[in-house]
Asker: 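Below: one structure in structure tokens.
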Amino acid sequence: MTPAPASADEAESWVRGELIRSLMRSAKGSYFVSAALMPAMVGLNWAYVPRWELLIWLLAGVIATACRAWGARVYALRYAGRSAAAQQQFTERYGFVWSTSAVVWGLSVLLFFERTPQVNQFMSWLIVAGVGTFPLNGLALHPPLLKRYVNTLFITMLGAVLIRLVSITLQHPQFQYGYLMPILPILHWFLLLRAGRHIHETARNSLELLFHNHILIKSLTQQRQAAVSAVAMKNRFLASAAHDMRQPVLALSLYADWLRNEPELVLELAPKIVRATHAVNALFDSMFDLARIDSGQVRLHVERVDVPELLHDLELQYRPVAESRGLDFRVHMCEGSFLTDPIRVRRMIGNLLANAIKYTTEGGVLLAARQTRDGLRVEVWDTGIGIAPEHLRDVFLEFYKVADHAGTSDGFGLGLAIVARLSHVLGHPVSVRSRLGSGSVFRVALHDADEAVAQARVTASGG
């Protein structure tokens with residue numbers, strides 16, 4: 001059995017394919033049973049039917065058996081391991097091999113009907129009935145093939161019966177009772193098709209149940225893995241937060257003790273206490289931002305934002321910070337507007353600017369808006385330390401810091417995590433290119449945000 005597909009949309013195709021695979025497994029070698037009954041049929045009629053007729057029929061039977069064996073071989077070599085569509089293609093392309101066998105057995109009626117003793121006829125009818133019934137369990141798994149085989153068998157059989165009846169009537173006008181004979185094959189025909197439908201429904205229901213069980217088990221496994229990952233992330237989150245908070249809190253404690261013992265140092269210690277307090281507040285603010293987004297408690301207000309105005313506000317906020325570090329801060333304006341939540345998009349780009357300034361020791365930072373064929377885009381360039389390729393994806397994780405990376409010791413590793421969350425919510429994709437030692441560029445695509453979709457994403461992240 002092939003693995004069940006991941007999507008429920010593929011259930012119908014998968015079930016059809018597995019039914020055909022089951023059919024071919026059950027039919028494996030069954031044509032040898034049919035071939036073994038052919039000598040029995042010939043033996044029953046050997047003394048009553050011209051031998052040339054028997055030999056011609058036997059030769060046709062051998063050819064039909066060879067066709068069945070050839071079809072099984074083709075399936076094993078070309079189709080067995082392929083898709084459900086390929087299984088369907090096989091039955092459509094090679095279904096005739098079953099029909100050849102059905103025609104041969106249907107024509108066998110010409111050999112014995114009203115030509116041999118009643119006992120021999122009865123035994124011959126039993127063989128033909130067995131040939132019609134024996135493959136039922138397998139062929140019922142694919143109704144088109146079952147109908148093709150059964151209809152071919154009984155149409156040929158009834159045609160042979162009618163030929164014999166007409167021939168006998170012409171030779172013996174007083175013959176009257178043989179015309180009731182077709183009633184039994186017709187009844188058998190009807191019962192085989194009816195039984196085939198029931199077998200198919202049972203097999204199909206079993207496979208559908210198996211499929212849905214697989215989907216359920218897979219879903220439960222994914223949920224368990226998600227729960228384990230969430231617990232691991234929570235533990236990492238708390239451990240990292242505790243680690244990052246320990247340094248400024250410890251500094252506050254030391255400064256307070258120092259100030260208590262030496263009050264005259266208040267002018268020197270006060271700025272350090274303020275910086276430590278700001279560090280703790282910044283960590284809490286970032287943690288609360290992430291918590292609000294992840295809990296779905298953020299209320300968005302989408303409106304049209306003017307790009308030059310947005311960049312001007314960011315310049316007023318971050319130019320003094322950059323220049324205080326001796327960095328050149330440049331802005332490249334571009335006309336345009338887009339729909340978004342102005343507070344959140346300002347937070348996104350602001351975090352990128354803060355990171356660019358933090359990790360740049362010489363050179364400068366460029367804040368640029370550009371009109372591209374894909375729409376508006378804001379870029380933040382820096383000439384800082386850069387990011388190695390293997391870390392580009394991970395820098396958007398909470399509390400992720402590149403080991404031995406200059407400038408990471410005083411950060412919390414939450415800025416880009418917030419950028420990633422807001423990027424997903426607002427539908428403003430973020431991309432990054434960087435070269436270690438040469439700087440980085442972060443690009444934010446300013447696609448129009450849909451308030452309903454964005455709010456649904458916030459709600460989903462909290463669910």
Side-chain angles (χ1 to χ4, degrees), residues 27-74 93-136 138-139 145-189 192:
K28 191 175 182 180
S30 63
Y31 43 85
F32 290 120
V33 176
S34 175
L37 292 173
M38 290 179 181
M41 177 68 76
V42 171
L44 285 171
N45 300 284
W46 186 260
Y48 309 100
V49 179
R51 293 179 182 177
W52 66 269
E53 292 184 29
L54 294 172
L55 293 175
I56 289 177
W57 180 84
L58 185 61
L59 177 61
V62 170
I63 294 173
T65 302
C67 285
R68 290 283 302 277
W70 170 74
R73 180 68 176 170
V74 169
R93 184 173 295 177
Y94 296 96
F96 71 90
V97 299
W98 281 270
S99 300
T100 57
S101 180
V103 169
V104 168
W105 280 106
L107 290 175
S108 68
V109 174
L110 293 173
L111 300 177
F112 63 83
F113 182 55
E114 296 298 335
R115 298 180 71 179
T116 64
Q118 292 295 323
V119 173
N120 295 57
Q121 287 191 57
F122 178 75
M123 296 298 295
S124 298
W125 277 118
L126 283 180
I127 292 175
V128 175
V131 169
T133 307
F134 178 74
L136 178 65
L139 293 176
L145 198 56
L146 172 68
K147 292 177 182 177
R148 183 171 185 169
Y149 175 80
V150 171
N151 291 345
T152 302
L153 174 64
F154 282 91
I155 289 173
T156 306
M157 184 192 304
L158 291 176
V161 168
L162 290 177
I163 289 173
R164 287 294 302 146
L165 290 176
V166 170
S167 175
I168 294 169
T169 302
L170 291 177
Q171 296 176 13
H172 308 283
Q174 72 280 8
F175 182 81
Q176 299 177 357
Y177 304 104
Y179 286 96
L180 298 176
M181 189 60 205
I183 295 176
L184 289 177
I186 290 174
L187 179 61
H188 189 201
W189 187 359
L192 283 180

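For the numbers below, each heavy atom of this structure counts, side chains included, while hydrogens, waters and symmetry mates do not. Fair warning: this is a prediction, and the values are worked out from it, not measured in the lab.
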Asker: To check you understand the geometry: which heavy-atom pair defines the closest contact between L37 and V131, and what is its length?
Answerer: CD1-CG2, 3.8 Å

Asker: Is there a side-chain contact between W98 and R148 in this structure, where contact means two heavy atoms from C-beta onward sitting under 4.5 Å apart?
Answerer: no

Asker: What are the two closest non-hydrogen atoms of L111 and N45, and how far apart are they?
Answerer: O-OD1, 4.1 Å

Asker: Specify whether Y94 and W70 have parallel, tilted or perpendicular ring planes, treating 30° as the upper limit for parallel and 60° as the lower limit for perpendicular.
Answerer: perpendicular

Asker: Looking at CG of L153 and NE2 of H188, how far apart are the two atoms once the value is rounded to the nearest 0.5 Å?
Answerer: 8.5 Å

Asker: Evaluate the criterion side chain to side chain contact (heavy atoms under 4.5 Å, CB included) for residue pair L55 and L59; output intermediate values, then yes/no.
Answerer: CA-CA 6 Å; L55 293 175; L59 177 61; over 6 Å; no

Asker: So do S99 and Y149 actually touch side chain to side chain, heavy atoms under 4.5 Å?
Answerer: no

Asker: Verify, without hydrogens or angle tests, whether T156 (side chain) and T152 (backbone) share a donor-acceptor contact under 3.5 angstrom.
Answerer: yes

Asker: Between W57 and W52, is the gap from one ring center to the other below 6.0 Å?
Answerer: no

Asker: Are S34 and S101 close enough that some pair of their side-chain heavy atoms sits under 4.5 Å apart?
Answerer: yes

Asker: Without swapping roles, check the side chain of R164 against the backbone of V109 for a donor-acceptor pair under 3.5 Å.
Answerer: no

Asker: Once you round to the nearest 0.5 Å, how far does CG of L54 lie from CG of L58?
Answerer: 8.5 Å

Asker: Treating Q121 as the side-chain partner and F113 as the backbone partner, does any N or O pair qualify as donor plus acceptor under 3.5 Å?
Answerer: no

Asker: Does any non-hydrogen side-chain atom of N151 lie less than 4.5 Å from one of W189?
Answerer: yes

Asker: Hey, mind stepping through L44 and T116 against side chain to side chain contact (heavy atoms under 4.5 Å, CB included) and telling me if it holds?
Answerer: CA-CA 9 Å; L44 285 171; T116 64; over 6 Å; no

Asker: Could you check whether any side-chain heavy atom of T133 comes within less than 4.5 Å of a side-chain heavy atom of L192, counting everything from C-beta outward?
Answerer: yes

Asker: For a 4.5 angstrom cut-off between non-hydrogen side-chain atoms, does M157 reach V128?
Answerer: yes

Asker: Over all heavy atoms of both residues, which pair between A64 and V104 is shortest? Give the atoms and the distance, please.
Answerer: CB-CG2, 4.0 Å

Asker: Does F134 have more than 12 heavy atoms from other residues, nucleotides or ligands lying within 6.0 Å of its CZ?
Answerer: no

Asker: Applying side chain to side chain contact (heavy atoms under 4.5 Å, CB included) to Y48 and F112, what does each step give before you reach the verdict?
Answerer: CA-CA 8 Å; Y48 309 100; F112 63 83; over 6 Å; no

Asker: Are the side chains of P50 and R115 in contact, using a 4.5 Å heavy-atom criterion?
Answerer: yes

Asker: Of all the heavy-atom pairs spanning G106 and A160, show the shortest one and how long it is.
Answerer: O-CB, 3.8 Å

Asker: Does the side chain of I127 come within less than 4.5 Å of W105's, by heavy atoms?
Answerer: yes

Asker: Locate the shortest heavy-atom distance separating T65 from M38; write the atom from each residue and the value.
Answerer: OG1-CE, 3.9 Å

Asker: Can you name the nearest heavy-atom pair linking M41 to S108, along with the distance?
Answerer: CE-OG, 4.1 Å

Asker: Once rounded to the nearest 0.5 Å, what's the spacing between atom CG of L187 and atom CZ of F154?
Answerer: 9.5 Å

